[in-house]
Amino acid sequence: MKLDFHVHSVRSSQPTGAILLYHGWGGTAVSYLEFAQQLSEEGFDVFIPELIRHDQRKPFDHPFDSEVTTTYFWTVVEQSITEATATIEQSG
């Protein structure tokens, strides 16, 4: 699977591990960059994928509307799980 979305990465100068970090419903990958920087200073490479229906990937206008949440929440979770393997492989 070729990634057709952006994965933000913050790399440690001396990595001891890696973290695949997901933001919450209605959030954005960019909102986790400061936290990712803190984790990188602790020795982790951090990768934050942009989730479907969030960020630049056709986001909802009103993600907390009950109909939107009820209809799409698990679809987004399932797609994120499906994309995780490709994200890990392509992030090195």
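In this chain, numbering begins with 1 at the start of the sequence shown. As the structure is a prediction and not an experimental result, all values here were calculated from the model.
Contact between Phe64 and Gly26 at its shortest, heavy atoms only, is CZ-CA, 4.0 Å. Residue Thr69 comes nearest to Pro63 through the heavy atom pair OG1-O, 3.1 Å, listed as atom of the first residue, atom of the second, then distance. Closest non-hydrogen pair, Ala29 versus Pro49, comes out as CB-O, 4.0 Å. Taking each heavy atom of Asp45 and Ser12 in turn, the nearest pair found is OD1-N, 2.8 Å.
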Run the numbers on Val76 and His54 for side-chain contact (heavy atoms from CB on, under 4.5 Å), then give the verdict.
CA-CA 9 Å; Val76 170; His54 293 75; 4.0 Å; yes
Applying side-chain contact (heavy atoms from CB on, under 4.5 Å), run through Val46 and Phe35 and close with a yes or a no.
CA-CA 9 Å; Val46 183; Phe35 181 48; over 6 Å; no
List the steps and the verdict of side-chain contact (heavy atoms from CB on, under 4.5 Å) for Leu51 and Gln79.
CA-CA 8 Å; Leu51 304 179; Gln79 177 143 354; over 6 Å; no
Check the pair Val10, Leu33 against side-chain contact (heavy atoms from CB on, under 4.5 Å), reporting the backbone distance first and the verdict last.
CA-CA 8 Å; Val10 180; Leu33 289 175; 4.1 Å; yes
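Counting heavy atoms from C-beta on, the side chains of Val7 and Ser91 come closer than 4.5 Å. For the pair Leu20 and Thr87, the minimum side-chain heavy-atom distance is below 4.5 Å. Taking 4.5 Å as the limit, every side-chain heavy atom of Tyr32 sits out of range of all side-chain heavy atoms of Gln37. Here the side chains of Glu42 and Gln38 are not in contact, with every heavy-atom distance at 4.5 Å or above. Proximity of Phe5 to Ile52: side-chain heavy atoms (C-beta onward) are nowhere separated by under 4.5 Å.
Atom NE2 of His23 sits about 7.0 Å away from atom OG of Ser31, to the nearest 0.5 Å. The CD1 atom of Ile19 sits 4.5 Å away from the CG atom of Leu39 when rounded to the nearest 0.5 Å. Here Ile88 contributes atom CD1 and Gln90 contributes atom CD; the two are 11.5 Å apart, rounded to the nearest 0.5 Å.
The aromatic ring centres of Trp25 and Phe60 sit less than 6.0 Å apart.
Around OH of Tyr22, the count of heavy atoms belonging to other residues, nucleotides or ligands within 6.0 Å exceeds 12. Glu41 CD: more than 12 foreign heavy atoms inside a 6.0 Å radius.
Between the side chains of Glu50 and His8, a donor-acceptor pair is found at a separation under 3.5 Å.
Taking the charged nitrogens against the carboxylate oxygens, Glu83 and Arg57 do have a contact shorter than 4.0 Å, which makes a salt bridge.
Both Val68 and Val77 are part of a single hydrophobic cluster, where members link through side-chain heavy atoms under 4.5 Å apart.
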